[in-house]
Structures are given as structure tokens and as C-alpha cells.
Amino acid sequence: MRWAIGLLVGALLAGCSGPAAPKSGDGAAGATIVHGKTDGGTTFVRNYNVLGPATDKAPNMELVYEPLMRVDYGDGGVVKPWLAESWQFAEAGKLLTIKLRTDVTFSDGKKFTADDAVYSLGLPIEKPDFSIAGITYKSVAKVDASTVAVRFGEPSYATLNQFANILLPMVPKHIWSTQNLNSWTNPDPVGTGPFTLGEFKPQQITLKARTDYWGGKLPMSTYKIIPTSPDALKAQLLKGEVDWASNSWANGEKEYVAKDPDKHLYQLYSNGGAMSVLFNTAKPPFDDVHVRRALAMTIDRTAVVTTLQRPGTEAGPTGLSEQLFADWLDPAYKGTVQKVDATAAKAELAAGGWTVEQGALVKDGKRYQPSILFNADWGWGNYADILINTWKQSLGLQVKGAGQPSAGYYDKQNLGQFDLVAASTGGSGVYGVYRFLSSTYRTPIGKSATLNQGRWNDPATDAVIAAMQRTDDVEQLKTLGRQLQKIVVDKVPFSPIYNNYYFVEINATRWTGWPTPAEFDHIPFVGMGPDTILTLLGLQRRGS
């Protein structure tokens, strides 16, 4: 198993050379792979303006647009090349020089050059509202036709993973620079990725495989995306109507894998972080650490993982996966799971001057009736109910459930329109997991946040994150990482519930060659950009 943790900044430290183009699959062309998408509603919107302000976007843009780099979770979250061939830090981490691949073309035949990279990286600087990846660099300039120079205000070794974000894609300057990006829907996208848009229907999208993709020849000619629900998906997978999906299946091993272990694959890949309760710290009562601690002390994590049928996956108090980050965890937190402790929780509330009266938190004559936001499309209602019931039984506090479909869930989360939200907290490396807590990403409630949706604002946190960005010394990074762990445990900007995974369901009746959790260098999770592409390139038609 390739869980041996690499250095969190691994390849980013002094420089990195890129590999040869990804190996292509050997299967016959002319075939289709079907993706059942469960988190996009019942219809799709033809909007491929990945950076634009509209919230309704077309799915799987990562198969059309590509980032410069990728994160290899199979190698401990190390950043590796993609459209960037290599890179080098200089000036004590303030200057990053990126060499681009020279064999990449857009789907309209135009060559991908430094002009496109400068334009793409410059968009979030020119238009801060488009900085959905949460960039930290200050400027970007062309060095030559295949080289760009990125400047930071501070040493920024640890921030390299932002260039691996699919929300910072390389787009064609010759098309995008002529558009009004606030209103343009980009209906016929042109990118460097392996697919173009073949046919768009609200209830089915067909992507057409390029024959001139720089990464190699795909073994399929079309990629179909169909909207579905988690329950309908199970039947579609069992019937073989869907080849590939990403959805949590509480009893997947028994209900799916056991029926045909050779072809029915249900896989889990750790993402290094956790599913957590994120507190909106910009508003009372969650700006009070006593309230946050009390609620964290009364989350029944064991009941949640029992409901999910994943015993033993309760998260530790730091929110770091022990499976991936054993070498980085403070020994004080290893093997630790916070248990329900109603007595201690009530003491915390009392220490903060809080009482619970008729189901509400009360202080200084003001009443607060919290709610918890969760994604209803992903079936999170079951464990939201567990949290609500435990808070009621332990504290007498009545928290309201506020389930939303995916679009509404993300909108409210980003705008800070919530009290508590069930959210994923993860990333590549320890810095990647915690960087969202930087006040750099903090926005007022009502203005969309790309990161730090909990509006955490803590000088001590900022100081440690900034120190992590400035160093390439691994031992120092570990020390700083443990300081962040202590902040998370003591100040509770979020409370981890269970270790988070990428869930992958596969019906391998038509396609073989899928990675497995026991041996992988990319995760076959739809939506992971280069990892998704590597998965497709490595497949073969069964029997071919």
C-alpha cells in the first residue's frame, strides 16, 4: 500500500522535473464510458465558464480544462507536473519559475504557450472575484515562449499546490480575452484537456475524445454524463448501465461488491482530512470558544460512523488522517477520538456565561437557535440527525436541520449564510489541510469566500500558516504543523467527525485497468482533474 507519507511539500522544494507524457490505454477506440453524476441535480446547465460568477456550471470541466500541476495522494500529497514540465523556486521562495510542456495544444489546434499561462494565472489577480482557487501570488510574467515567472510577496514554498487546483485552469487567451467573462457562458469550450463537447442535452452530456491529446490516445471515443440520484445510481450500477460514479454507499460491500467481486468495485481513498462541523465564527454564538468546545464535546462520532457502516473511521481532534499523516501528528493526539462528555460540555457553556433555555443558547438576554447546513444531495441528512439528537440529549439544545441541494449548499456556505455546516476539511499535506484557516481568505458575511467559509480570524493561526509558507525545512514544517494541530484542538474553528474519503463505485463489466486502494499513483475519482484523466488513459476494454 502506497500510504508512506511523502514530504508534504515533496517535489515543490527545490525544483522538479516532469515525466514523459502519461501512458495511453491500449483498448479499442469507438467505445463509451458512462458516468452517473449524483451531486448535480436532475438537469445540467450549458455553462463552461469555469471562472465566471454564475453558480450553475456544466459538470466535469476538468476533462476540458487542465491545471499546471497535480497532487499525488498516492504519494503523500506530493505536487507533481502536468501542463508544467518542471519548476524552480529562487529568491528564498519569492520567485517561482515554471517551465511549460511544449507539446500541448488546445482542442482548436492552437498551441498552448506562456501567453496562455500568463493570461490564465493573471485572471484571478486582475479580477479578484475570479480567484476561486484562493491564489497567493502577486504577479506573473512571461519569460519566454514556454516559461513563466510567478512572484509572491513572501516566501511561498508550501503554496505550490494552488497550481494543482482545477479551479485555476489554463484557458486559451485568444478566446477568453475577447469575452465579457462576467456574462459569457462559454457554450463550446476549447481547452487543453482530452475531451471536447460533443452533444449537450439537459439530461445527458456527451464528451468527445480528442485524437490529438498531448497525454496520449484515449481508449474510448465518448464519455457520457447522466444525472442521477444516490438511490437510482445503485440500481444503475447493478444493471451495468453506469460504469463509474462517486457516491458514498453505506452498505456497499454487502449490497454491491458481494454480488460480483470481480466487476463490482467499491473503493475508498483517504483525502487526508475529515468530514467536520465548521463553525461560523464571524457571528454569535460561534465567535465564543466555549460554545464551540461544548458542541464539539457532544458530537457522537461513533454513532455517525456506525450509521455510515465504517467502524473505526472516527476522526481525531486535529482533523488529520492518521493513515496519511502519522509522522506529522503530535503524539498527544495519536489514536485519540473525542468522546461525548455532556458534563464537561455544560461546564464549558457555564464558563462562557451561557445557559440553555427552552432549546436555545442564552446569554445577556439574547437567544440563539442554531441550525446546521448540510448537502441533501449527498445523503448527509442521516448523520446531521445524529448530531442534532445528541446535542438535544446532552445539552437540551435544539439545532435545526437545514439541508440544501448542492448548488444551494455551496452558495450558502461560501456566503457565510449558516451557523454550523457539515463540510469537508482536507487538502494535500498538512499545510494543505489547514491553509483554509488563514484570514487572508476571510470575507464579510454575504460576500462569497473561496476558502475559510467559517470566517476564522486568529493572529496565532495566521502566524503559523505564514511561517509554513516561508520554509522548506521539513522538521520545521512538522513543528509548525503541530502548532496548528494544537490551535485546532484548543480553539476549535472546526470539529472533525470522521475521516474523509473519496468514494468510488465502478462496474468493471466493460472496462478494466482501474486503480485500487492497495496500489495506485492516481485516484479514480471523477472530478479530480489529472487523476481522472490518468484513470481514463489507463483503462482497457474488457476482453480486448
Side-chain angles (χ1 to χ4, degrees), residues 6-18 67-71 77-100 114-128 130-165 167-168 170 427-442 450-452 459-481 483-484:
L7 307 181
L8 102 149
V9 283
L12 64 85
L13 295 180
C16 183
S17 295
L68 291 173
M69 305 171 193
R70 64 175 286 253
V71 174
V78 171
V79 178
K80 293 187 175 178
W82 196 248
L83 294 184
E85 187 176 68
S86 63
W87 51 83
Q88 186 77 36
F89 273 109
E91 299 182 10
K94 290 185 178 181
L95 175 64
L96 174 66
T97 301
I98 301 173
K99 293 287 291 184
L100 307 175
D115 290 328
D116 300 298
V118 169
Y119 174 77
S120 301
L121 296 175
L123 271 175
I125 300 174
E126 179 185 351
K127 302 176 185 295
F130 289 10
S131 182
I132 54 178
I135 65 164
T136 62
Y137 53 86
K138 302 301 181 185
S139 68
V140 57
K142 178 180 177 181
V143 176
D144 59 36
S146 60
T147 311
V148 298
V150 180
R151 284 200 170 276
F152 298 85
E154 299 291 337
S156 299
Y157 295 106
T159 68
L160 192 65
N161 56 6
Q162 68 190 291
F163 302 101
N165 194 328
L167 298 180
L168 187 59
M170 295 299 103
S428 61
V430 173
Y431 167 81
V433 171
Y434 288 139
R435 77 176 185 118
F436 81 97
L437 295 173
S438 170
S439 67
T440 303
Y441 307 116
R442 187 169 183 260
T450 56
L451 295 169
N452 198 357
T461 302
D462 288 347
V464 180
I465 290 175
M468 292 189 84
Q469 293 172 353
R470 287 195 295 266
T471 185
D472 58 358
D473 183 285
V474 173
E475 291 306 314
Q476 187 178 2
L477 284 165
K478 286 185 176 179
T479 298
L480 293 166
Q483 292 175 13
L484 279 177

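Computation of the quantities below employed the complete heavy-atom set of this structure, encompassing side-chain atoms and omitting hydrogens, waters and symmetry-equivalent molecules.
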Could you check whether any side-chain N or O of [X] sits under 3.5 Å from a backbone N or O of [Y], counting only pairs where one atom can act as donor and the other as acceptor?
X: Asp144; Y: Thr147; answer: yes
X: Tyr157; Y: Gly93; answer: yes
X: Asn452; Y: Ser438; answer: yes
X: Gln162; Y: Thr159; answer: yes
X: Thr471; Y: Ala467; answer: no

To the closest 0.5 Å, what do you measure between [atom1] ([X]) and [atom2] ([Y])?
X: Asp473; Y: Leu480; atom1: CG; atom2: CG; result: 9.5 Å
X: Leu160; Y: Leu68; atom1: CG; atom2: CG; result: 9.5 Å
X: Gln476; Y: Met468; atom1: CD; atom2: CE; result: 9.5 Å
X: Arg435; Y: Gln469; atom1: CZ; atom2: CD; result: 8.5 Å
X: Ser146; Y: Ile98; atom1: OG; atom2: CD1; result: 12.0 Å
X: Lys94; Y: Glu154; atom1: NZ; atom2: CD; result: 5.5 Å

Inset, instruction - Over 60° means perpendicular and under 30° means parallel, so classify the ring planes of Tyr137 and Phe152, tilted if in between. - result: perpendicular

Is there side-chain contact between [X] and [Y], with at least one heavy-atom pair below 4.5 Å?
X: Ile135; Y: Ile125; answer: yes
X: Leu96; Y: Phe163; answer: yes
X: Val118; Y: Lys142; answer: yes
X: Leu95; Y: Thr97; answer: yes
X: Val78; Y: Val71; answer: no

To check you understand the geometry: which heavy-atom pair defines the closest contact between [X] and [Y], and what is its length?
X: Ser120; Y: Leu168; result: O-CD1, 4.4 Å
X: Ala84; Y: Pro81; result: O-CB, 3.0 Å
X: Ile465; Y: Leu437; result: CD1-C, 4.1 Å
X: Asn165; Y: Pro67; result: O-CB, 3.7 Å
X: Pro155; Y: Ala92; result: CB-O, 3.1 Å

Legend entry - Lys138, NZ: over 12 other non-hydrogen atoms inside 6.0 angstrom: no

Inset, instruction - Could you give me the CA-CA distance, side-chain angles and deciding distance for Leu83 and Met170, then say whether side-chain contact (heavy atoms from CB on, under 4.5 Å) is met? - result: CA-CA 9 Å; Leu83 294 184; Met170 295 299 103; 3.8 Å; yes

